[in-house]
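The structure appears below as structure tokens.
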There are 2 protein chains.
Amino acid sequence: MKAAPPLWNRPSGPKRTRIQTRNRQAILEAGLDVFSAQGFRGATLDEIAAAARLSKPNLLYYFPSKEAIHTALLTQLLDTWLDPLRELDPEGDPVEELLTYVRRKLELSRDYPRESRLFANEILQGAPRISDAIEGDLHRLVAEKAHVLQRWMDTGRIARVHPVHLIFSIWALTQHYADFDMQVSAVLGDGEDPYPEAGVYLDTLFRKLLAP
Amino acid sequence: MKAAPPLWNRPSGPKRTRIQTRNRQAILEAGLDVFSAQGFRGATLDEIAAAARLSKPNLLYYFPSKEAIHTALLTQLLDTWLDPLRELDPEGDPVEELLTYVRRKLELSRDYPRESRLFANEILQGAPRISDAIEGDLHRLVAEKAHVLQRWMDTGRIARVHPVHLIFSIWALTQHYADFDMQVSAVLGDGEDPYPEAGVYLDTLFRKLLAP
DNA sequence: GCTTGATTTGACCAGTTGGTCAAAGCGAGG
DNA sequence: CCTCGCTTTGACCAACTGGTCAAATCAAGC
């Protein structure tokens, strides 16, 4: 008789059954598809439910609201997205460290374009749901790494440019291939994968820019 | 007694009264605000009407549908957006021509960020409403200008890189400052205008890249 | 100040939206 | 094979969506 409280409102710890793990995963996967293609307001629960092969009320048994799905995706994403920057090693060879970062970021665009677009959509619309993380974690991480870059410049190991704009340019150039994929494909009469050429181009670009 | 047919369905030519010009302008302005901030599906007629200080039925007296406003904005925009590329002069000094293009494109980002975001939103979502223009005019223009770049490279006047990816990189780097404005401001503890530094940075970057 | 067409609007509509709820189905441990 | 809590769902709701319509208001030339 007594109805079970919704999953997300249960007082007990996060001990998940197999079904829960599977369904939560399916919902996040479906949400990624829909949110990245339509933006937050453009996405509908019905669409997400259909993509996850669940009924709409069933969706809301696993997540309390549309916004909760979106937030779960974004916070989970931000970590993965910043990992390559975190791994920039102050002790490594400056140019190679930066080129590795560029390469890894380009691989993220190639392998996880939906994640990139989800993020782009959110930032485009003023990042109302992750402005805290942007102004907090992200700001700190960039400040820290900019400091590393500054030291490399001061010791003459890479050319002297504005360190934060250098980071911006890496983001812009790599994310462009995921976020503007439609445009990239249409302009390069498609059929061919743009990523190999992009890799070569970016390697050249940053080598020339950073050469002391 | 006889009701006037809606403005957009009138058989006569486009002779517009002062009121028509004013209101159409107000609607496009409001539409730009809302579409660029919310995307097509996320924008609502009520919001646009409120921003234009018109009633919703009044909106639909000047435009037949939500989509018509969006399309009007996009087609009008695409031309302005490509102008700087059109002006790239095959007879000019290669490096200066390209740096001028970069500079003008960065000015567009600074002065028309809403237009940039409107475009970004549309491309992000697969450009369902302007894929024709992208695959047609844009593709042709880029092919033509890539040919110019190729000649400059063949005659040793700029360094040899993939010409289309060179154009992509200019787009990516300049539009980033408009489209990801929120992120840029948050990362550079804001308060200061990022554009002057960005101009210097991009100038350096492309000078080094293009130096033969 | 009257007429005629341009402009504006309140009331309305059918379809969609995010979200709720009580009841029904299900499966693993006893 | 039976219970009991986990899972699923059909029916429903109020708010909102893009869009329509007939009637009311306005404004400029006569």
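Everything numeric in this text was worked out from a predicted model, so none of it was measured. First the proteins, then the strands, lettered A, B, ... as listed; each starts at 1.
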(request) Measure from NE2 on A:His70 to C1' on C:dG18 and round the result to the nearest Å. (result) 15 Å
(request) Go through C:dG18, D:dC6, C:dT20 for me and flag the one nearest to the A:Asp46 side chain. (result) C:dG18
(request) Using only side-chain N and O atoms of A:Gln20, determine if any of them is under 4.0 Å from OP1 or OP2 of D:dC6. (result) no
(message) Please list, in numerical order, the residues of residues 49-58 of chain A that have a heavy atom closer than 4.0 Å to any atom of DNA chain D.
(response) A:Ser55, A:Pro57, A:Asn58
(message) What residues from residues 27-45 of chain B pass a heavy-atom cutoff of under 4.0 Å to DNA chain D?
(response) B:Ala43, B:Thr44, B:Leu45
(request) Would you mind telling me which of A:Glu135, A:Glu122, A:His70 makes a side chain to side chain contact (heavy atoms under 4.5 Å, CB included) with A:Ile130? (result) A:Glu122
(message) Determine whether a donor-acceptor pair (N or O, by modelled atom type, separation under 3.5 Å) exists between the side chain of A:Lys105 and the backbone of A:Leu173.
(response) no
(request) Establish, with yes or no, whether the OP1 or OP2 oxygen of C:dT7 is under 4.0 angstrom from a side-chain nitrogen or oxygen of B:Tyr61. (result) yes
(request) Check for a donor-acceptor pair, side chain of B:His139 on one end and backbone N or O of A:Ala186 on the other, with a separation under 3.5 Å. (result) yes
(message) Just the rounded figure in Å: distance from C1' of D:dG10 to CG of A:Leu60.
(response) 15 Å
(message) Less than 4.0 angstrom between a side-chain N/O of A:Asn23 and OP1 or OP2 of D:dT8, yes or no?
(response) yes
(request) In whole angstrom, give the distance that lies between atom CD1 of A:Ile69 and atom C1' of C:dG18. (result) 11 Å
(request) With sequence neighbours excluded, give me every salt bridge (Lys or Arg N to Asp or Glu O under 4.0 Å) pair touching residues 39-53 of chain A. (result) A:Arg41-B:Glu47, A:Asp46-A:Lys56, A:Glu47-B:Arg41
(request) Among residues two or more places apart or on two chains, list those pairs meeting salt bridge (Lys or Arg N to Asp or Glu O under 4.0 Å) that have a residue in residues 76-85 of chain A. (result) A:Asp79-A:Arg86, A:Asp83-A:Arg86
(message) Checking B:Arg114 now: which residues fulfil side chain to side chain contact (heavy atoms under 4.5 Å, CB included) with it, not counting sequence neighbours?
(response) B:Glu29, B:Leu32, B:Asp33, B:Ser36
(request) Say whether, by atom type as modelled, one donor and one acceptor occur between the side chain of A:Lys145 and the main chain of A:Pro163 under 3.5 angstrom. (result) no
(request) Compare all side-chain heavy atoms of A:Leu108 with those of A:Thr174 and state whether any distance is below 4.5 angstrom. (result) no
(request) Can you sort out the partners of A:Ala68 under side chain to side chain contact (heavy atoms under 4.5 Å, CB included), two or more places apart, ordered by chain and number? (result) A:Phe63, A:Pro64, A:Ser65
(request) Using whole Å, report how far NZ of B:Lys66 lies from C1' of D:dT17. (result) 8 Å
(request) Rounded to the nearest angstrom, tell me the gap between atom CD1 in B:Ile19 and atom C1' in D:dT25. (result) 12 Å
